[in-house]
Peer 1: 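Just passing along the structure, written as structure tokens.
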Amino acid sequence: MAVLEFKSYTVNELSYRKNDLYKETNQNISINPKIEIKNTPRQDKIIVTVDVHIGSLAEKKNPFIVTASVSGEFVYHEKEDHNQVGIDTLIKKNAVAILYPYVRSLVSGITNASNQFPALILPTINVAQLLDEQSNRQEAAD
């Protein structure tokens with residue numbers, strides 16, 4: 001049995017909205033996804049949520065706004081953690097790495113279905129770096 005067991009995932013939100021202010025130019029569109037990670041322990045399982053927000057309706061340079069949110073249910077088997085990696089590390093890094101491809105697929109599908117722009121394929125991410133950056137922003141806000 002694996003130390004971290006992935007049970008299932010749920011799509012919490014998936015939305016696409018065209019930006020009527022967008023002015024088409026010959027320049028490449030710069031898309032900077034904002035990714036947020038949340039962990040919620042519930043009895044014997046952990047729910048990890050990956051939220052992605054792309055674009056804006058307030059700026060002329062963004063053709064659309066996309067929001068995708070996916071939650072995964074995980075079970076940590078402490079007895080199987082022979083290397084003592086720990087629940088925090090497994091959840092923070094491995095769970096996000098498991099869920100992010102689902103988010104990428106959803107974003108690609110919904111932007112392709114718009115029939116206005118090519119499918120947006122989100123870049124792969126360095127999960128550890130992303131979580132460190134998120135933690136640093138949260139500490140600075142506190």
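Computed from heavy atoms alone, side chains included, the values below leave out hydrogens, waters and symmetry copies.
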Peer 1: Taking distance alone, no hydrogens or angles, what donor-acceptor pairs closer than 3.5 Å link side-chain atoms of residues 113-123 to residues at least two apart or in another chain?
Peer 2:
{"unit_1": "Ser114", "atom_1": "OG", "unit_2": "Thr111", "atom_2": "O", "d": "2.7"}
{"unit_1": "Ser114", "atom_1": "OG", "unit_2": "Gln116", "atom_2": "N", "d": "3.3"}

Peer 1: State, with a plain yes or no, whether a side-chain heavy atom of Ile98 is found less than 4.5 Å away from one of Val96.
Peer 2: no
Peer 1: Of the non-hydrogen atoms in Tyr100 and Ile35, which two are nearest, and what is the gap between them?
Peer 2: CE1-CD1, 3.9 Å
Peer 1: Applying side chain to side chain donor-acceptor pair (under 3.5 Å), name anything that partners Asn94, two or more places apart in sequence or on another chain.
Peer 2: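 For Asn94 there are no side chain to side chain donor-acceptor pair (under 3.5 Å) partners, ignoring immediate neighbours.
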Peer 1: Can you give me the closest heavy-atom contact between Asp51 and Ser69, atom names plus distance?
Peer 2: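 Distance-wise, the nearest heavy atoms are OD1-OG, 2.5 Å.
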Peer 1: Measure the spacing between CD1 of Ile46 and CD1 of Ile91 and express it to the nearest 0.5 Å.
Peer 2: 4.0 Å
Peer 1: Locate the shortest heavy-atom distance separating Leu90 from Leu4; write the atom from each residue and the value.
Peer 2: O-CD2, 3.6 Å
Peer 1: Would you list the pairs meeting ring pair (Phe, Tyr, Trp, His ring centres under 6.0 Å) in which at least one residue belongs to residues 29-54, sequence neighbours left out?
Peer 2: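 Every candidate ring pair (Phe, Tyr, Trp, His ring centres under 6.0 Å) pair involving residues 29-54 fails, so no pair, neighbours aside, qualifies.
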Peer 1: Are Ile47 and Val52 co-members of a hydrophobic cluster defined by side-chain heavy atoms under 4.5 Å apart?
Peer 2: no
Peer 1: Could you go through residues 70-80 and list every donor-acceptor pair under 3.5 Å that involves a side-chain atom there, pairing it with any protein atom two or more places apart or in another chain?
Peer 2:
{"unit_1": "Ser71", "atom_1": "OG", "unit_2": "Asn12", "atom_2": "ND2", "d": "2.7"}
{"unit_1": "Ser71", "atom_1": "OG", "unit_2": "Thr49", "atom_2": "OG1", "d": "2.7"}
{"unit_1": "Tyr76", "atom_1": "OH", "unit_2": "Asp81", "atom_2": "OD2", "d": "2.7"}
{"unit_1": "His77", "atom_1": "NE2", "unit_2": "Glu5", "atom_2": "OE1", "d": "2.6"}

Peer 1: Look up atom OG1 in Thr67 and atom NZ in Lys34, then write down how far apart they are to the nearest 0.5 Å.
Peer 2: 10.5 Å
Peer 1: Report the residues that fulfil side-chain contact (heavy atoms from CB on, under 4.5 Å) with Leu57, sequence neighbours left out, ordered by chain and then residue number.
Peer 2: Arg17, Asn19, Ile65
Peer 1: Do the side chains of Asn32 and Ile54 get nearer than 4.5 Å, heavy atoms only?
Peer 2: no
Peer 1: So, for Ile110 and Ser15, which heavy atoms are closest and what is the spacing to 0.1 Å?
Peer 2: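 Distance-wise, the nearest heavy atoms are CD1-C, 3.8 Å.
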Peer 1: Would you indicate whether the side-chain heavy atoms of Tyr9 and Val11 approach each other to under 4.5 Å?
Peer 2: yes
Peer 1: For Lys61, what residues pass the salt bridge (charged side-chain N to carboxylate O under 4.0 Å, His left out) criterion, not counting sequence neighbours?
Peer 2: Glu59
Peer 1: Which residues pass the ring pair (Phe, Tyr, Trp, His ring centres under 6.0 Å) test with Tyr16, sequence neighbours left out?
Peer 2: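 With neighbours one apart ignored, the set is Phe64.
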